[in-house]
Amino acid sequence: MRTDTLLDNRQQNLPLLVGTLFLVGFWWIGFDGITFSDDVYYILAGKSFWEGTMEVNSYHFSSRWGAYIPAGLLGHFFGLDPHIISGFSLLCYLITLLVLYKVLPDKKWAWILTIWFCTHVYFLHFITKVYPDSSLVLWVTSIPVVACYRKEQPILAGIILVLALFVGFLTKETIIFFVPFVALLFLFDLKNKSIQSSFYSSVAASGLLLASLYLTYFWIQFGDPFYRITSINAGHYISEYTYADKGVGAIIERLTITPFSTFVERAYWPWLVFAIPGIYQGMKFQKSFNFEFALAFICLLLGFWLMSSTLEFYNPIYLNPRHLIILIPILSFLITLGWNYWQNSRVWKMALFSLMVLGIIISAIQGDAKQALFLCALIPVIWIKKRTVQLAILGIVLALPAIFSIYYQKQLKQYQNLTDTLTELSQSTDKEHIILTNNFIYFSREILLPESRVSPMKLFPIESLQELNRDLPKGIQVVIYEYYKHAYPKEQADVDLLESWLKMKNYQLESEEKIANLWIRKFQLATQ
């Protein structure tokens, strides 16, 4: 008799091996540099911690120990290399894939898990970055996995679940989306008369113990057990990504239209659509693994959809695609669990097809032809019956954008050219010259020029031109990294002001050159 399987027993570890090699290869080849943003703080915080100089303060990032302590350990041993330090993100991804593979009930669908887990563009982009979201991937995934074993190993499962929540919170506060998870799990178990009292007792006991230790630390250190919450609220600021300051209409749009447009625009739509059968299975039949992962996803989705970024007033959090990467392991597992469920159902196929068409329509409204084409290319996967062909098309369609993103990001950033040129300029410019550069380059100077002792004296941000008026330098080198047009378009105002300032102060252009996306000019102060 022919069995409907994708793997025989001898091949069952092949998807895990291929997935591991793909992730390692992407991390190694796909490094495109730092993002000149929060990752700079985490890299430097990790360095300071292992040097014994890091201080927890009112800046709430300083309390994200899980984000910078383990990553910083790599920097402590191997130097201030952001690529090497991001190896912790790679490690978290690899462990997550291994855990999901090990608990997958039916290994014949392991290729489905590997393909969906390893190919999301944003998920892969942050494997080479030092961000808490990358390491949070592991702790978020651990919670439903451990919950699946609450009946077999109730005490141990309860302790590990709380530890995952605790370490996750020390990494990033997003883990609080799982606060309802344990309560809902208890209610479902109560309804089904399958309560494991020792599991929930261990959750309560270990939770109270760790919470008490955590709050006591802040009470002793700052005189306020809730100092962490206070600092998070104090860290809230008005920007283009906040909603409460823009009126009720903006909040309503954020709660209705924005999630759909974001999920489509940022390529999360196929993962959400193909996970629906697994979610349905989990909630309807409450089978182990299906149910826990479905419940975990619902908690995450509601958190992203409705959670406020501050407790002082309602301001729905910004759906940053980086924050959403923690959905990918959960969705990939649900897709795998539900894959066989819809294969022979025309009703399910029509439902998936309709949702994919909806995504294409949204892409068309957004004017995003590439995203529309990507969604169109996935539609045959729904209708093809031959498993090997279906698998091949799925792998190709999902992997190609991920692989192409390596080339795209490297061409866009030209990171190696940036670091090489800055190093050369900082070492060769004479003492009477300073280097004016983009604000985000100045912010990241310790990472970009870790070996240069003169860079802090020579580099100067273009947003602080007025500080130079008191003592105008005789010579200036202006180094504009044109990547700002993509990542930091608001710096255009500072660039424009710089041009006016140079003319007003009577600086004369001596030389000019373009090196990739670097615009380098040398000016000399004209004699009066």
Side-chain angles (χ1 to χ4, degrees), residues 3-7 9 12 15-16 96-117 140-158 160-161 164 177-178 180-200 202-203 271-302 326-349 351-352 355 382 387 390:
T3 57
D4 185 17
T5 180
L6 295 177
L7 298 170
N9 291 332
Q12 284 188 355
L16 177 64
T96 303
L97 177 60
L98 176 63
V99 168
L100 291 177
Y101 174 80
K102 289 297 184 182
V103 302
L104 184 65
D106 192 346
K107 296 295 189 295
K108 72 182 180 183
W109 302 108
W111 274 117
I112 301 298
L113 173 64
T114 297
I115 291 171
W116 285 99
F117 183 92
V140 162
T141 306
S142 300
I143 292 168
V145 168
V146 172
C148 294
Y149 294 95
R150 65 190 182 281
K151 295 176 184 177
E152 290 84 355
Q153 298 286 338
I155 296 177
L156 182 61
I160 295 175
L161 187 147
F177 293 170
F178 272 113
F181 178 79
V182 177
L184 291 172
L185 200 64
F186 174 80
L187 292 176
F188 276 103
D189 283 350
L190 184 63
K191 179 183 176 182
N192 296 328
K193 298 179 180 180
S194 58
I195 289 285
Q196 278 286 348
S197 57
S198 53
F199 168 75
Y200 291 102
S202 68
V203 168
W271 276 257
L272 290 165
V273 169
F274 281 92
I276 290 174
I279 298 167
Y280 174 82
Q281 267 191 304
M283 299 311 295
K284 182 174 177 62
F285 304 113
Q286 296 183 27
K287 185 179 177 181
S288 183
F289 289 100
N290 298 65
F291 170 68
E292 288 82 2
F293 274 82
L295 187 62
F297 166 73
I298 290 170
C299 289
L300 284 176
L301 183 65
L302 290 176
I326 61 174
L327 291 170
I328 295 301
I330 305 293
L331 289 173
S332 299
F333 199 75
L334 286 167
I335 290 170
T336 307
L337 294 177
W339 195 259
N340 195 47
Y341 182 70
W342 59 269
Q343 294 294 307
N344 299 311
S345 170
R346 183 170 179 81
V347 173
W348 268 111
K349 288 185 175 183
L352 297 179
L355 288 170
I382 300 172
R387 295 291 186 262
Q390 183 190 55

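Below, each value reflects all heavy atoms present in this structure, side chains not excepted, and no hydrogens, waters or symmetry copies.
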Step-by-step side-chain contact (heavy atoms from CB on, under 4.5 Å) determination, Tyr200 to Asp189: CA-CA 11 Å; Tyr200 291 102; Asp189 283 350; 2.6 Å; yes
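- For the residue pair Ser202 and Pro154, the shortest heavy atom distance occurs at OG-O, 3.5 Å.
- Considering only heavy atoms from C-beta on, Phe117 stays 4.5 Å or farther from Thr336 through its side chain.
- Here the straight-line distance linking atom CG of Leu272 with atom CG of Leu355 works out to 10.0 Å at 0.5 Å rounding.
- Counted within 6.0 Å of NZ on Lys284, heavy atoms from surrounding residues, nucleotides or ligands total 12 or fewer; the atom is thus considered open.
- Leu352 has its side chain within reach of Pro277: a pair of non-hydrogen atoms, C-beta onward, lies under 4.5 Å apart.
- Summarising the geometry of Gly158 relative to Val203, their closest heavy-atom pair is CA-CG2, 3.6 Å, with the distance given to 0.1 Å.
- Closest approach of Ala147 and Leu161 over heavy atoms only: CB-CD1, 4.2 Å.
- To the nearest 0.5 angstrom, Ile330 atom CD1 is 10.5 Å from Leu295 atom CG.
- Residues Thr96 and Pro329 share a closest heavy-atom pair of CG2-CB, 4.0 Å.
- Residues Leu184 and Cys299 are in side-chain contact: their nearest non-hydrogen atoms beyond the backbone lie under 4.5 Å apart.
- For the pair Asp106/Leu337, no side-chain contact is recorded, criterion being any heavy-atom separation below 4.5 Å from C-beta on.
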For side-chain contact (heavy atoms from CB on, under 4.5 Å), just list the numbers for Trp342 and Ile276, CA-CA rounded to whole Å, side-chain angles, deciding distance to a tenth of an Å, and then say yes or no. CA-CA 10 Å; Trp342 59 269; Ile276 290 174; over 6 Å; no
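- Although no hydrogens or angles enter the test, the distance criterion places a donor-acceptor pair under 3.5 Å between the side chain of Thr114 and the main chain of Pro15.
- A distance of 7.0 Å separates CG in Leu187 from CG in Leu190, rounded to the nearest 0.5 Å.
- In this structure a side-chain-to-backbone donor-acceptor pair under 3.5 Å is present from Trp271 to Trp116.
- Proximity of Phe293 to Ile279: side-chain heavy atoms (C-beta onward) are nowhere separated by under 4.5 Å.
- Rounding to the nearest 0.5 Å places CD of Glu292 at 9.5 Å from CD of Gln286.
- To the nearest 0.5 Å, atom CZ of residue Phe274 and atom CD1 of residue Ile382 are 4.0 Å apart.
- Between atom CG of residue Leu16 and atom OH of residue Tyr101 there is a gap of 6.0 Å, rounded to the nearest 0.5 Å.
- Two residues are said to be in side-chain contact when any heavy atoms from C-beta on lie closer than 4.5 Å; Arg387 and Trp111 fail this criterion.
- Considering only heavy atoms from C-beta on, Arg150 comes within 4.5 Å of Leu185 through its side chain.
- Within the 4.5 Å cutoff, the side chain of Leu156 has no heavy atoms near those of the Tyr149 side chain.
- Ring planes of Phe333 and Phe289: tilted class, angle from 30 to 60°.
- Closest of all the heavy-atom pairs between Ser288 and Cys148 is OG-O, 3.9 Å.
- A donor-acceptor pair under 3.5 Å is formed between the side chain of Lys349 and the backbone N or O of Gln343.
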Leu302 vs Phe177, test: side-chain contact (heavy atoms from CB on, under 4.5 Å). Steps then yes/no. CA-CA 8 Å; Leu302 290 176; Phe177 293 170; over 6 Å; no
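- When the options Phe297, Phe181, Phe285, Phe188 are evaluated for a ring-ring contact (aromatic ring centres under 6.0 Å, His included) with Phe291, the one that passes is Phe188.
- Residue Gly338 comes nearest to Gln281 through the heavy atom pair CA-OE1, 3.4 Å, listed as atom of the first residue, atom of the second, then distance.
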